[in-house]
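Let me begin by presenting the structure, written as structure tokens, before commenting on it.
Proteins come first, then strands; the chains are lettered A, B, ... in the order of their sequence lines, and each starts at number 1. The figures here come from the full heavy-atom set of this structure, side chains too, leaving out hydrogens, waters and symmetry mates.
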Number of protein chains: 2
Amino acid sequence: MTLEIPEVVINRLPVYARALADLAARGETVVSSQALGEMLDVTPAQIRKDLSYFGRFGKQGRGYNVQGLLAKLREILGIDRQWRVCLVGVGRLGQAIAEYGGFGPQGFQIVAAFDANPDVVGKQVGGVTVRHIDDLDAYLRANRVDIGIVAVPASEAQSVVDRLVNAGIKAILNYAPITAHVPRDVTIRHIDPVLAMQSMTFYIKRSESSGAK
Amino acid sequence: MTLEIPEVVINRLPVYARALADLAARGETVVSSQALGEMLDVTPAQIRKDLSYFGRFGKQGRGYNVQGLLAKLREILGIDRQWRVCLVGVGRLGQAIAEYGGFGPQGFQIVAAFDANPDVVGKQVGGVTVRHIDDLDAYLRANRVDIGIVAVPASEAQSVVDRLVNAGIKAILNYAPITAHVPRDVTIRHIDPVLAMQSMTFYIKRSESSGAK
DNA sequence: GCCTGTGAAGGATTTCACAGCC
DNA sequence: GGCTGTGAAATCCTTCACAGGC
């Protein structure tokens, strides 16, 4: 029905949306694929092609209406609403996530947090009281949660992912350094700064050996 | 000379290396591309093809020697050595990064941290004393730093990136929610949980509208 | 018999290039 | 004249499939 939209395209849309929000904040009202492409190091053709999967949003000779396109993208992505997020793992990393102020303004509300450590359970982090991990399933049965954030040690991560999946959660943001398995109808994204650095070193090494300054 | 290796391939190698380290820790001595692929949700052919860019590491009929392949990958990626990292931005996020214990064991040593806020300058985080951002250039001139981590507010991020680039840094890990520009000989990776979530909502939305249970 | 390494085929994604519209 | 939307071409990446070695 919906002709299949490449995942790479979906992954770029939030980047476009962010740039458009920026332009809007700066008072810009129109932008061309050329100009947007320069902001984002993306070719204009790519932007136009990506958008063409969803409709025709531009005007020839003019470009795109910033507010209009932003609204469209927000709707397409579903970021025009509030999403309920739960956090599993409230160690150092989990606490930083809970207290990171960047999710709320984007519509991602952390509604619950869980941990196994009794020293942490009952504490207040980022506006919620930490519950015991044993209450996870009951909580998810009783409350709508759209996205799970996993911030537990690697050894626990797959089993936490499994519990989230079994409770019907369809989107998981995993900070644990493992490749977690999920069924095909569940979306998972991995945040792993170590992997990111480990791929960069390949290029540093190379630049040192060849054209070192 | 070195025939061009696709960046996607380079990005997968650290994942392979992590899985191999896992296998080694569990005492496994050999692994087939089949078995490794199952661990990582990757096709065996893809693993073999990826590795074939760098050499012939396996034995027909047997598979790969876990320790041997791991050592090779570590050498290829350059993660067999220590890398010197500096952190710019020691707000909440920056502090969490400085105190995150996951970098050191992987060979990424944070050797300096910088911030503009006088309340933070002089404080001790993650084993280093925070310096004033005005000392960044002098520090980079006097000390080898391989990788810069940017954890400043969006509004400051591009200018910090520029300063790192001008000081000759060839790899940047950017946590700020912007698309930063770098010259082609500089590698940059973006860590942005919000973008990750914003692409997942597209799929949640879809799964809700279609086969919702 | 099992599994690698790899050309060749297939598929996916990006870029080109231009008709059409403002 | 400037810029979108889009088929077609080009490029890039993945998968197939099998020869060859263990």
Side-chain angles (χ1 to χ4, degrees), chain A residues 2-16 19-20 23 28-73 76 179 184 199 202-203, chain B residues 2-16 19-20 23 28-73 76 179 184 199 202-203:
Chain A
T2 330
L3 97 148
E4 214 37 74
I5 293 154
E7 185 169 336
V8 274
V9 172
I10 301 303
N11 291 339
R12 280 191 295 262
L13 298 187
V15 180
Y16 300 164
L20 289 164
L23 288 167
E28 302 288 332
T29 62
V30 283
V31 69
S32 65
S33 60
Q34 171 80 46
L36 192 57
E38 277 163 20
M39 284 179 71
L40 299 174
D41 282 335
V42 163
T43 64
Q46 172 136 174
I47 292 173
R48 296 200 303 273
K49 177 65 92 177
D50 285 353
L51 297 178
S52 77
Y53 283 99
F54 302 96
R56 303 142 65 96
F57 307 120
K59 282 214 222 329
Q60 281 109 326
R62 292 277 292 151
Y64 300 88
N65 177 286
V66 170
Q67 296 280 3
L69 182 55
L70 176 54
K72 267 295 173 201
L73 288 180
I76 291 163
T179 301
R184 226 182 305 54
S199 63
F202 175 83
Y203 294 102
Chain B
T2 331
L3 96 149
E4 213 38 73
I5 294 153
E7 184 169 335
V8 275
V9 172
I10 301 303
N11 291 339
R12 279 191 296 262
L13 298 187
V15 180
Y16 300 164
L20 288 164
L23 288 167
E28 302 288 331
T29 62
V30 282
V31 69
S32 64
S33 58
Q34 171 81 44
L36 192 57
E38 276 163 20
M39 285 179 71
L40 300 175
D41 282 336
V42 163
T43 65
Q46 175 141 112
I47 292 172
R48 296 200 303 273
K49 176 66 92 176
D50 285 352
L51 297 177
S52 77
Y53 283 99
F54 303 96
R56 304 143 64 97
F57 307 120
K59 283 216 222 329
Q60 282 108 325
R62 291 277 291 151
Y64 301 88
N65 177 285
V66 170
Q67 297 279 3
L69 182 55
L70 176 55
K72 268 294 173 202
L73 288 180
I76 291 163
T179 301
R184 223 176 314 51
S199 63
F202 175 83
Y203 295 102

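The residue among A:Gly61 and A:Val9 whose nearest nucleotide of DNA chain C is located toward the 5' end is A:Val9. Heavy-atom nearest nucleotides on DNA chain D were determined for B:Lys59 and for A:Ser52, and the one closer to the 5' end corresponds to A:Ser52.
Bracketed by its first and final contacts, the part of DNA chain C lying under 4.0 Å from non-hydrogen atoms of chain B reaches from C:dC2 to C:dA8 in 5' to 3' order.
One can place CD of A:Gln60 at 5 Å from C1' of D:dT4, the figure rounded to the nearest angstrom. Atoms OH (A:Tyr16) and P (D:dT4) sit 13 Å apart, rounded to a whole Å. Atom CD in A:Gln34 sits roughly 15 Å away from atom P in D:dG5 (whole-Å rounding). In this structure, B:Glu4 atom CD and D:dC13 atom P are separated by 10 Å, rounded to whole Å.
Comparing D:dT14, D:dT4, D:dC22 by their nearest atom to the side chain of A:Tyr64 picks out D:dT4.
Note: A:Ser199 OG to B:Ile10 CD1 = 8.5 Å, rounded to the nearest 0.5 Å. Here CG of B:Leu73 is found 8.5 Å from CZ of B:Phe54. Values are rounded to the nearest 0.5 Å. Residue B:Tyr53 holds its OH atom at 13.0 Å from CD1 of B:Ile76, rounded to the nearest 0.5 Å. Within the model, atoms CD of B:Gln46 and CG of B:Leu36 stand 11.5 Å from one another, a figure rounded to the nearest 0.5 Å. In this structure, B:Ser32 OG and B:Ile47 CD1 are separated by 8.5 Å, a value rounded to the nearest 0.5 Å. Taking OH of B:Tyr16 as the reference point, atom OG1 of A:Thr179 lies at 10.0 Å (rounded to 0.5 Å).
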Applying side-chain contact (heavy atoms from CB on, under 4.5 Å) to A:Val30 and A:Lys59, what does each step give before you reach the verdict? CA-CA 10 Å; A:Val30 283; A:Lys59 282 214 222 329; over 6 Å; no
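Legend: residues meeting salt bridge (Lys or Arg N to Asp or Glu O under 4.0 Å) with B:Arg48, ordered by chain and number and at least two apart, are absent.
Within residues 37-50 of chain B, the residues having any heavy atom closer than 4.0 Å to DNA chain C are, in order of number, B:Arg48, B:Lys49.
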